[in-house]
Amino acid sequence: ALVVSIEASKALGQVRLGGGPVVRVGDRSSLFDPAAVGFVTRVAAAQTRHPWQKALMDGGTCEATVWSAYGHRCAGLCLPLRHYHNMGPAGRPRAEEIDLDDFAALVGLGRDLARAWPTTVLDQELAALRTRLERIPDQAPRSLRPISI
């Protein structure tokens, strides 16, 4: 399977609101899977309807790092965000803001990614995932096993 973390992230460096969704190559904690990022980049480049950006978004850590740590092929997409964590000028509270055209482009890119993902690869990956999931009860640390209350 391909895990694509989708979130909003503080606009940093050359990344700007209105420039389109961002194909993330990584976050503060890790770089994402090169093949997965390459696939997402190729799909983004193939569509001509909307602008898009590509960047290392190293303001924080997103879910793709966690999924990657557990052996999954991961990439990330994000919307550039203004007033990250509701912090405006001079430390005053402000509503977080995204560009609605960026959001529409992100939805379209998500659709294009779903259509472009090769079914045969997906089937092979799902079979491998099922095998791993079937082994989890025997491999899970005691703290992760279900408990009765």
Side-chain angles (χ1 to χ4, degrees), residues 1-118 121-122 125-126 128-130 132-133 136-137 139-149:
L2 173 65
V3 176
V4 180
S5 171
I6 302 175
E7 43 91 38
S9 191
K10 183 178 182 179
L12 298 168
Q14 298 298 323
V15 172
R16 61 182 180 77
L17 273 74
V22 179
V23 175
R24 295 182 71 156
V25 299
D27 61 19
R28 177 184 289 174
S29 300
S30 70
L31 296 175
F32 303 149
D33 181 88
V37 173
F39 169 72
V40 174
T41 299
R42 284 189 302 277
V43 173
Q47 62 84 30
T48 58
R49 299 178 305 277
H50 302 287
W52 60 280
Q53 306 171 77
K54 185 176 182 179
L56 173 66
M57 301 299 286
D58 59 356
T61 301
C62 75
E63 295 82 1
T65 288
V66 178
W67 284 97
S68 293
Y70 285 90
H72 297 279
R73 181 181 297 148
C74 296
L77 292 172
C78 72
L79 292 174
L81 179 66
R82 183 178 294 129
H83 307 308
Y84 182 68
H85 290 308
N86 300 106
M87 295 306 297
R92 295 201 171 270
R94 291 291 302 265
E96 291 182 329
E97 297 174 5
I98 61 167
D99 183 282
L100 292 179
D101 289 334
D102 290 350
F103 178 76
L106 179 68
V107 171
L109 181 53
R111 182 196 57 237
D112 293 347
L113 287 168
R115 288 179 176 163
W117 184 246
V121 172
L122 182 59
E125 291 293 326
L126 285 176
L129 177 60
R130 278 191 206 100
R132 286 196 310 270
L133 289 173
I136 286 177
Q139 296 176 351
R142 185 170 180 79
S143 61
L144 295 179
R145 291 195 179 137
I147 59 170
S148 330
I149 298 178

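Computed from a predicted structure; not experimentally measured.
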Does Asp102 use its side chain to pair, donor to acceptor, with the backbone of Gly18 at less than 3.5 Å?
yes

If you take all heavy atoms of Leu56 and Gly26, which pair is closest and at what distance?
CD1-C, 3.4 Å

What's the verdict on side chain to side chain contact (heavy atoms under 4.5 Å, CB included) for Val23 and Leu77, showing C-alpha distance, side-chain angles and the deciding distance?
CA-CA 5 Å; Val23 175; Leu77 292 172; 4.0 Å; yes

Quick one: do Arg73 and Phe39 satisfy side chain to side chain contact (heavy atoms under 4.5 Å, CB included)? Show the steps, please.
CA-CA 11 Å; Arg73 181 181 297 148; Phe39 169 72; over 6 Å; no

Could you check if a side-chain atom of Pro89 sits within less than 4.5 angstrom of a side-chain atom of His83, using non-hydrogen atoms only?
yes

All heavy atoms of Ala105 vs all of Pro21, minimum pair found to be CB-CD, 3.5 Å

Where do Ala11 and Pro80 come nearest, in terms of heavy atoms and distance?
CB-CB, 4.2 Å

Taking everything shown except Arg49 itself, do over 12 heavy atoms lie less than 6.0 Å from its CZ?
yes

Counting distance only, does the side-chain N/O of Glu96 pair as donor-acceptor with the main-chain N or O of Leu81 below 3.5 Å?
no

Measuring from atom CG of Asp101 to atom CG of Leu17, what distance do you get when rounded to the nearest 0.5 angstrom?
11.0 Å

On a heavy-atom basis, which atom in Asp27 and which in Gly60 lie closest, and how many Å separate them?
CB-O, 3.1 Å

Would a distance-only check, ignoring hydrogens and angles, find a side-chain to backbone donor-acceptor pair under 3.5 Å from Asp112 to Val43?
no

For the backbone of Arg94 and the side chain of Asn86, can you confirm whether one donor and one acceptor N or O come within less than 3.5 Å of each other?
yes

So how far is it from Thr65 OG1 to Leu31 CG, rounded to the nearest 0.5 Å?
8.5 Å

Minimum heavy-atom distance between Cys62 and Phe32, given as atom pair plus value
SG-CZ, 3.7 Å

Look up atom CE in Met87 and atom CZ in Arg92, then write down how far apart they are to the nearest 0.5 Å.
10.5 Å

Pairs of donor and acceptor atoms involving the side chains of residues 1-10, under 3.5 Å and at least two apart or interchain, shall be tabulated with distances.
residue: Ser5; atom: OG; partner: Glu63; partner atom: OE1; Å: 3.2
residue: Glu7; atom: OE2; partner: Arg24; partner atom: NH1; Å: 2.2

Within this structure, what is the NE2-CG distance for the pair His50 and Leu109, rounded to the nearest 0.5 Å?
9.5 Å

Only one of Val22, Val25, Val40 forms a side chain to side chain contact (heavy atoms under 4.5 Å, CB included) with Lys54, so which one is it?
Val25

Kindly compute the distance separating OG (Ser30) from CG (Asp58), expressed to the nearest 0.5 Å.
11.5 Å

Might you confirm whether atom CH2 of Trp67 has over 12 heavy atoms from other residues, nucleotides or ligands at distances under 6.0 Å?
no

